[in-house]
Structures are given as structure tokens and as C-alpha cells.
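Here is how names work: the chains are called A, B, and so on, in the same order as the sequence lines, proteins then strands, and each is numbered from 1. Since the model is a prediction, treat every value here as computed from it, not as a measurement.
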Amino acid sequence: MNLAAPIYTGPTPGSPEQVNAIIAELRRLYPQAKCSLDFSNPVELLIATQLSAQCTDERVNIVTAKLFKKYPSVNDFAEASQEELEQDIRSTGFYRNKAKNIRATSQRLISVYGGKVPRTMEDLLTLPGVARKTANVVLGNAFGIVVGFVVDTHVGRLSRRFGWTTNTDPVKIEQELMLIVPKQDWLDLSHLLIFHGRAICDARKPLCEQCTIAHLCPSAFAATPVRNTSTKIH
DNA sequence: CTCCCGATAT
DNA sequence: ATATCAGGAG
């Protein structure tokens, strides 16, 4: 046991001092942070985000590079065969569900929304395979409409480590973040947290020693870092 | 809660 | 072998 182990003496977790200091340093570290999915229109972003469930953006971008050439419009996805689309997206995982959702979503975009991606949370949530995370990504990055906070696995994990929440439910975490973080920072901070989560604040082995916001992070001083709460039992 | 599910790092 | 990856539905 390290008797000299320092304890967290930084600003109160969730306080404006801590939140703003974290945002400022993350902006310095990742000035180019943004959505890292490749897309050229709202339909492509919607489909890319549906594919990104439990899959890296890097993998999604490899798949969509071919996919969006083979299926150039929403009509092509709506008319695609289930089996063929499954194989086209296979490497992203969950490919049966994703193919079904992409086809049904595309058909609904055409039958209900004139072939366009709707611009409200309420309408987006009616699309199969679209929940708040995907809806917030599309609204923010395709339309510049921010009505919520993108909470993915990175955002949830870093929020717990910063002491912003003790929840694991993304919807509850989103509600807490919207109270703690100024609205003008919601979309930017989600990107910053994702970049930092990938580069430094890894799920398994966070590199606190080389983290320049460790002095703002209670978890960096914990005996064992805050981990994801695995629901899997083996 | 369970299921969907391939790719990758450790 | 196991955990995790820009989740969502039943």
C-alpha cells in the first residue's frame, strides 16, 4: 500500500470550475474534434450511426465507403434485399438487426418523411434502430440542431470517472449532463470526450500518468479507476 | 433482464 | 479467454 498516495483535491466534480477547466484543456488537446463518421448527407450519417452500434467508427467508415457507392440513395436502401445488405454490412456486427433496421428506416423515410431525414427528436425516435444517442448524433452533426447530449460508451465512462454521474443508464446520464454542462458545449464536449476516451481514457487501462486533466479527475486518484459496469456474467 | 454479433487488443 | 467497440429492441 502506498501511504503517500495523493487524494483528489481539485474542484468539486460537476462544478462549473471543474467542467469548464476540463472543456478548456480538452479543446487544447483536440482542437479538431468532431464526428468521425464519414458522410456526405443526412441519410448517410443516419445509416452510418446505426451501423456504429458496438463497432468502431474506423470499421464503419471502411464499410460505408463501399456501401454508399452501391446504395447511392435512400431508395436503394429501401429496396435492398435483406440477405445482400446483411453481407454488405457484416463486419460491423449485429448485421441482421442492422440490415433490418436500415431497410425499415429507409422505407419509413420515404413513406412518411418524403425521403428526407426528419429534424426533430420525436420523429427520429420513430425510426427503427434509432434511440436518443443516434438521434442526437444526426440532429447535431447533420443539422446543427442540439436538443440533447450524445451519450455513448465513452461519454458515459468519462462522465463517471469525472464524478459527473454514478449512473450507467444513458438516458439518466444525458439528463445529468444537460444540467451540468452549458448547452453551447453539449455537442462539442461529446466529441471531446470521445476523442479523449479513445486516446487516453481507455476503458480498460486509462493512461492517467500521461493525462493532462488528471488533476481534475477523482478517478485518477482512486485505488482502482472507475470501470464500466459490465452486465455480462460468465 | 436478454439478445443481437464481428473485429480487435490484451 | 475476455472485454470492449460512438446501441437498440423485446
Side-chain angles (χ1 to χ4, degrees), chain A residues 26 30 32-39 42 44-67 82-83 85-106 108 121-142 146 148-161 165 167-174 177 186-207 224-234:
Chain A
L26 291 180
Y30 315 106
Q32 79 303 350
K34 63 175 182 60
C35 177
S36 45
L37 292 170
D38 295 335
F39 66 98
E44 289 190 358
L45 179 58
L46 174 57
I47 291 173
T49 309
Q50 287 181 296
L51 288 175
S52 75
Q54 295 293 298
C55 180
T56 62
D57 286 10
E58 187 180 359
R59 170 65 52 186
V60 172
N61 287 336
I62 292 171
V63 168
T64 55
K66 293 182 178 177
L67 193 71
Q82 173 69 23
E83 294 72 20
L85 184 55
E86 284 178 3
Q87 293 313 309
D88 291 330
I89 66 173
R90 190 176 191 283
S91 68
T92 66
F94 297 154
Y95 56 89
R96 291 187 182 89
N97 282 342
K98 288 177 181 176
K100 182 157 55 125
N101 287 336
I102 288 170
R103 292 176 67 231
T105 286
S106 299
R108 182 168 173 80
M121 174 65 71
E122 181 184 3
D123 285 335
L124 282 166
L125 292 180
T126 70
L127 301 170
V130 176
R132 291 194 62 90
K133 183 265 178 178
T134 298
N136 278 322
V137 167
V138 172
L139 286 172
N141 296 291
V146 178
F149 205 110
V150 174
V151 178
D152 70 347
T153 183
H154 291 303
V155 173
R157 183 181 68 253
L158 270 65
S159 295
R160 286 190 291 277
R161 287 177 175 167
T165 181
N167 265 302
T168 57
D169 178 356
V171 176
K172 292 180 180 175
I173 295 172
E174 181 181 357
L177 290 180
W186 290 356
L187 185 63
D188 190 29
L189 182 56
S190 70
H191 296 143
L192 293 168
L193 293 176
I194 289 161
F195 271 61
H196 194 61
R198 289 201 289 240
I200 301 291
C201 199
D202 178 74
R204 304 188 200 189
K205 193 166 59 97
L207 305 177
T224 57
V226 176
R227 304 278 177 183
N228 275 3
T229 306
S230 177
T231 57
K232 291 185 169 57
I233 300 172
H234 294 105

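Here the C1' atom of nucleotide B:dG6 and the CZ atom of A:R59 are 8 Å apart, to the nearest Å. Rounded to whole Å, the distance from CG on A:N61 to C1' on C:dA6 is 11 Å. Distance CG (A:L85) to P (B:dC5): 13 Å, rounded to an integer number of Å. If you measure from atom CD of A:E58 to atom P of B:dA9, you get 9 Å, rounded to the nearest angstrom. At whole-Å resolution of the value, CG in A:D38 and P in C:dA6 are 14 Å apart. Per the geometry, CD belonging to A:Q50 stands 19 Å off P belonging to B:dC4, to the nearest Å. One atom, CZ of A:F39, and another, P of C:dA6, lie 17 Å apart when rounded to the nearest Å. As a whole-Å value, the separation of A:L158 CG from C:dA6 C1' is 13 Å.
Distances from the side chain of A:Q54 to the nucleotides B:dG6, C:dA6, C:dC5 place C:dC5 closest. With distances taken from any side-chain atom of A:I194 to the nucleotides C:dA6, C:dG8, B:dG6, the minimum falls on C:dA6. Distances from the side chain of A:A203 to the nucleotides C:dT4, C:dA6, C:dG7 place C:dT4 closest. Taking only side-chain atoms of A:H191, from C-beta outward, the nucleotide of C:dC5, C:dA6, C:dG8 with the closest atom is C:dA6. Of all nucleotides listed (C:dG7, B:dT8, B:dG6), B:dG6 comes nearest to the side chain of A:S91. Closest to the A:A53 side chain, of the nucleotides C:dG7, C:dA6, C:dT4, is C:dG7.
Of the side-chain N and O atoms in A:T153, one or more sit less than 4.0 angstrom from OP1 or OP2 of C:dC5. Contact annotation: A:R157 side-chain N/O to C:dT4 OP1/OP2 distance is not under 4.0 Å. A close approach under 4.0 Å does not occur between any side-chain nitrogen or oxygen of A:S52 and OP1 or OP2 of C:dC5.
Near-neighbour residues of DNA chain B inside residues 92-101 of chain A, defined by a heavy atom below 4.0 Å, number-ordered: A:G93, A:F94, A:Y95, A:R96, A:N97.
Within 6.0 Å of atom CD in A:Q87, more than 12 heavy atoms from other residues, nucleotides or ligands are found, so the atom counts as buried in its surroundings.
Evaluation of the salt bridge (charged side-chain N to carboxylate O under 4.0 Å, His left out) rule for A:D88 yields A:K70 as partners, not counting sequence neighbours.
If you take atom C1' in B:dC4 and the same atom in C:dT4, they sit 16 Å apart, rounded to whole Å. Nucleotides B:dT10 and C:dA6 are separated by 14 Å at their P atoms, to the nearest Å.
The shortest distance between side-chain heavy atoms of A:L45 and A:L37 falls below 4.5 Å. For the pair A:K98/A:Q50, no side-chain contact is recorded, criterion being any heavy-atom separation below 4.5 Å from C-beta on. Side-chain atoms of A:T56 and A:R198, non-hydrogen and from C-beta on, never get closer than 4.5 Å to each other.
None of A:N136, A:V130, A:V138 except one satisfies the side-chain contact (heavy atoms from CB on, under 4.5 Å) rule with A:M121; the exception is A:N136.
Mapping A:R132 and A:T56 onto DNA chain C by nearest heavy atom places A:T56 at the nucleotide closer to the 5' end. The nearest heavy atom of DNA chain C to A:L127 and to A:F195 marks one nucleotide each, and the one closer to the 5' end goes with A:F195.
At the heavy-atom level, A:V130 lies under 4.0 Å from the strands shown only through sugar-phosphate atoms. A:S190 comes within 4.0 angstrom of nothing in the nucleic acid, heavy atoms only. Residue-level contact check: A:R90 touches the backbone only, with heavy atoms under 4.0 Å from sugar-phosphate atoms and none from bases.
A cation-pi arrangement is not found for A:R96 relative to A:F94, the charged atom failing to lie both closer than 6.0 Å to the ring centre and inside a 45° cone about the ring normal.
If you check the side chains of A:E86 and A:Q82, you find a donor sitting under 3.5 Å from an acceptor.
Although no hydrogens or angles enter the test, the distance criterion places no donor-acceptor pair under 3.5 Å between the side chain of A:T105 and the main chain of A:I102.
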